[in-house]
Amino acid sequence: MYAATIFLPLLGAILAGVLAFAPAGTREAKHRIDRYAQWASCGGLVLAALLSMLVFKDVVLDSQPRTVELFTWIDSGALEISWALKFDALTAVMVLMVCNVSALIHIYSVGYMAHDTAVPRFMSYLSLFTFFMLMLVTADNLVQLFFGWEGVGLASYLLIGFWYDRPSANAAAIKAFVVNRVGDFGFALGIFVVFVLFQSVNFDVIFATAPAKTAATIRIFGGEFHALTVACLLLFVGAMGKSAQLGLHTWLPDAMEGPTPVSALIHAATMVTAGVFMVARLSPLFELSETALIVVTVVGASTAIFAATVACVQNDIKRVIAYSTCSQLGYMFFACGVSAYAAGIFHLLTHAFFKALLFLGAGSVIHAMSDEQDMRRMGGIWKMVPVTYGLMWIGSLALAGIPPFAGFYSKDIIIEAAYAAASPAGKFAFAMGIAAAFLTAFYSWRLLFMTFHGAPRADEKVMAHVHESPLVMIAPLLGLAAGAAFAGLIAYDAIVGENMAAFWGETLKVLAAHDALAKAHDVPTWVKLAAPAVAGSGIVLACVLYLLAPSWPAALAERYRRLYLFLLNKWYFDELYDRLFVRPALALGRNLWKTGDGTLIDGLGPDGLSRAVLDTARRVAALQTGYLYHYAFAMLIGVVGLITWYVVRQVG
């Protein structure tokens with residue numbers, strides 16, 4: 001059962017991938033092949049989702065964590081790695097979320113991608129991604145985790161660039177791949193440091209011996225540094241890349257070039273949360289490094305406020321939700337930074353439901369609006385797509401943290417834990433969390449009002465075709481809406497409440513001094529009310545600006561133009577990186593091409609040699625005039641030369 005849960009998506013990916021190469025001479029044949037691919041991939045995911053519920057029951061409810069060893073993978077000296085599937089409370093939660101959300105998105109894709117020319121390839125990539133994500137969360141060692149880590153990166157590249165005939169999609173896929181390589185390089189170095197320190201990459205061995213290494217140092221660049229801090233910071237660099245934290249976030253908004261189901265699965269519910277999962281999994285290491293925890297807190301809080309400010313002025317409906325994802329990931333990270341790992345995972349779980357709901361709801365809008373994504377060309381459609389409209393409201397209420405929706409329970413406990421931490425980093429995270437909560441509510445309702453309300457801004461041809469999505473797309477949205485509405489209420493006590501210790505067992509390690517989550521339940525009342533209050537204020541502000549006085553936003557943008565452009569251009573991170581890295585790299589490459597390769601290598605090598613041969617041949621050819629007296633004169637000169645040489649030799 002355990003292995004089947006993980007490998008069923010791989011089987012579906014293989015079957016759909018084989019069908020991608022099947023010949024389809026007629027429209028009927030293509031339709032039949034598409035259906036087979038959809039059945040193979042969706043069937044594998046639905047079965048995996050059902051099995052994940054049984055796994056959750058065995059591992060968590062019946063308290064039977066286990067590790068399923070499949071075979072020995074690497075055995076070289078001190079490096080011994082088995083291919084094993086680790087199932088504990090953290091894994092069970094992740095597998096349950098990944099399988100169920102992925103199954104719903106697979107079903108949604110049947111309708112959304114119905115008219116695409118490469119349905120089997122898309123379904124194969126989608127299932128392949130799910131398999132790699134499951135491998136990541138079930139790994140019992142760092143190398144196997146890195147296998148899943150790189151696998152989801154590969155699948156992300158394939159899915160972002162799925163429409164490879166679009167230059168923008170290719171550019172976005174390459175950007176995602178390159179930026180993630182930066183993070184993954186740090187992650188790989190972190191694995192090396194862990195192995196040098198512990199002589200093992202197995203989680204159980206590392207966690208058991210970590211307390212004995214608290215005083216260990218490592219020599220880097222001529223200096224002595226705290227070894228666990230170095231390892232944790234390098235591993236966190238990998239998390240920053242995969243989870244789009246400030247500095248390595250630039251790939252996530254561009255990744256919206258992929259089909260909308262890709263955005264929902266990879267860039268909202270699963271892959272981008274891999275970094276949060278990794279930090280929680282390695283909590284026994286991070287707990288032993290105060291510096292690493294402070295860095296995680298500050299980076300997470302900074303990301304939360306940065307992305308929220310940018311989302312307030314974006315006009316592409318998917319990019320607004322993408323920056324929202326980036327911001328919510330910041331919440332998850334600063335929860336881990338104040339040692340409230342359970343709160344971070346709780347928000348990861350609820351976020352998967354309501355953010356996937358928002359992405360797929362946006363896809364339903366795009367489908368209805370003839371592929372239009374610019375909110376400035378929408379409006380006035382809420383009566384035409386009432387189901388999508390209602391579901392988007394549920395997702396937005398959950399995202400804004402309005403009670404009793406899921407985000408209220410998971411986001412508020414993070415903000416309360418940051419306050420309870422009572423550290424400078426915790427206070428910074430609390431302030432940024434409150435500010436981001438206000439902005440989150442504002443941009444969520446800005447999206448709703450611009451998309452569904454006001455006068456229609458699309459042309460008549462587009463408005464004439466606005467229609468509700470088919471049942472195969474609406475049904476998965478209903479499932480996600482149920483999670484967005486009730487997951488927080490259902491799971492609160494078990495994951496972060498009174499039964500937290502029994503639920504997590506020994507999975508998440510928290511030192512006694514890092515009791516922010518325990519203290520979070522006893523914070524002052526004003527702290528508990530702060531987030532919902534500012535969220536309500538954000539909704540009111542959006543209502544004023546986009547319903548009651550729709551001319552004000554343009555006037556404010558014109559009056560504070562520099563600030564508006566600063567936010568619209570994403571704090572100019574792309575321009576900064578272009579100036580610091582892209583242009584110098586292009587200049588270096590051009591010089592190496594022109595000077596290094598062209599002038600030196602080719603000039604002195606093949607091209608120079610060929611020029612020398614040609615020049616010599618021309619000079620020799622110039623001697624071949626064809627006149628007899630020239631040849632006779634040359635022969636005479638030769639005879640004179642030979643005689644002179646002979647005489648000189650005899651005399652000498």
Side-chain angles (χ1 to χ4, degrees), residues 93 276 279-280 283 286-287 293-294 296-305 308 327-351 354 397-441 484 486-501 503-504 508 510-538:
V93 169
V276 180
V279 173
S283 58
F286 279 85
E287 282 296 285
L293 289 176
I294 291 171
V296 172
T297 304
V298 172
V299 170
S302 301
T303 304
I305 191 64
S327 179
Q328 298 305 305
L329 288 166
Y331 277 98
M332 299 175 207
F333 273 110
F334 80 67
C336 294
V338 297
S339 298
Y341 303 99
I345 296 299
F346 185 32
H347 195 50
L348 184 157
L349 175 65
T350 61
H351 177 266
F354 61 71
L397 288 166
L399 172 60
I402 303 300
F405 294 89
F408 165 73
Y409 294 95
S410 60
K411 186 160 66 176
D412 281 28
I413 192 64
I414 290 175
I415 294 174
E416 291 159 13
Y419 178 86
S423 63
K427 293 176 181 177
F428 173 73
F430 173 74
M432 295 301 100
I434 291 294
F438 170 78
L439 296 175
T440 299
F486 304 115
L489 178 63
I490 294 172
Y492 182 86
D493 283 338
I495 296 181
V496 295
E498 296 178 356
N499 300 317
M500 178 176 62
F503 183 90
W504 292 111
L508 302 177
V510 180
L511 297 181
H514 298 161
D515 57 351
L517 186 55
K519 293 179 178 178
H521 301 286
D522 299 319
V523 296
T525 303
W526 72 266
V527 175
K528 294 179 178 291
L529 296 177
V534 298
S537 301

Is there a side-chain contact (heavy atoms from CB on, under 4.5 Å) between Asp493 and Met500 once you walk through the steps? CA-CA 7 Å; Asp493 283 338; Met500 178 176 62; over 6 Å; no
Kindly compute the distance separating [atom1] ([X]) from [atom2] ([Y]), expressed to the nearest 0.5 Å.
X      : Y      : atom1 : atom2 : value
Phe405 : Leu489 : CZ    : CG    : 11.5 Å
Lys528 : His521 : NZ    : NE2   : 7.5 Å
Met432 : Phe430 : CE    : CZ    : 11.0 Å
Phe333 : Ile414 : CZ    : CD1   : 11.5 Å
Lys411 : His347 : NZ    : NE2   : 6.0 Å
Ser302 : Phe428 : OG    : CZ    : 3.5 Å

Say whether, by atom type as modelled, one donor and one acceptor occur between the side chain of Ser327 and the main chain of Ala304 under 3.5 angstrom. yes
Could you tell me whether the side chain of Ser537 and the main chain of Ala533 form a donor-acceptor pair under 3.5 Å? yes
Evaluation steps, side-chain contact (heavy atoms from CB on, under 4.5 Å), between Ile495 and Ile345: CA-CA 9 Å; Ile495 296 181; Ile345 296 299; 5.6 Å; no
Decide side-chain contact (heavy atoms from CB on, under 4.5 Å) for Ile305 and Leu439; before the verdict, give the C-alpha distance in whole Å, the side-chain angles of both, and the deciding distance to 0.1 Å. CA-CA 8 Å; Ile305 191 64; Leu439 296 175; 3.9 Å; yes
Mind checking whether [X] and [Y] have side chains closer than 4.5 Å, heavy atoms only?
X      : Y      : result
Phe286 : Cys336 : no
Asp515 : Val510 : no
Leu329 : Val276 : yes
His514 : Leu293 : yes
Tyr492 : Phe346 : yes
Ile402 : Pro532 : no
Tyr409 : Ile413 : no
Tyr331 : Ser410 : no

From CA spacing to verdict: side-chain contact (heavy atoms from CB on, under 4.5 Å), Phe334, Thr303: CA-CA 9 Å; Phe334 80 67; Thr303 304; over 6 Å; no
Taking every non-hydrogen atom, the tightest pair across [X] and [Y]:
X      : Y      : answer
Ala398 : Ala406 : CB-N, 4.3 Å
Ala535 : Ala400 : CB-O, 3.4 Å
Ala418 : Ala429 : CB-CB, 4.1 Å
Ile415 : Ala531 : CD1-CB, 3.8 Å
Ala342 : Trp504 : CB-NE1, 3.4 Å
Ala417 : Ala340 : CB-CB, 3.8 Å

Is NZ or CZ of Lys427 both nearer than 6.0 Å to the six-membered ring centre of Tyr419 and within 45° of the ring axis? no
Between Phe354 and His351, how do the two ring planes meet: parallel, tilted or perpendicular, split at 30° and 60°? perpendicular
Within 6.0 Å of CZ in Phe486, more than 12 heavy atoms from elsewhere: no
Looking at Lys519, I'd like to know if its NZ atom is crowded, meaning that more than 12 non-hydrogen atoms belonging to other residues, nucleotides or ligands lie closer than 6.0 Å. no
Between Glu287 and Tyr341, a side-chain donor and acceptor under 3.5 Å: yes
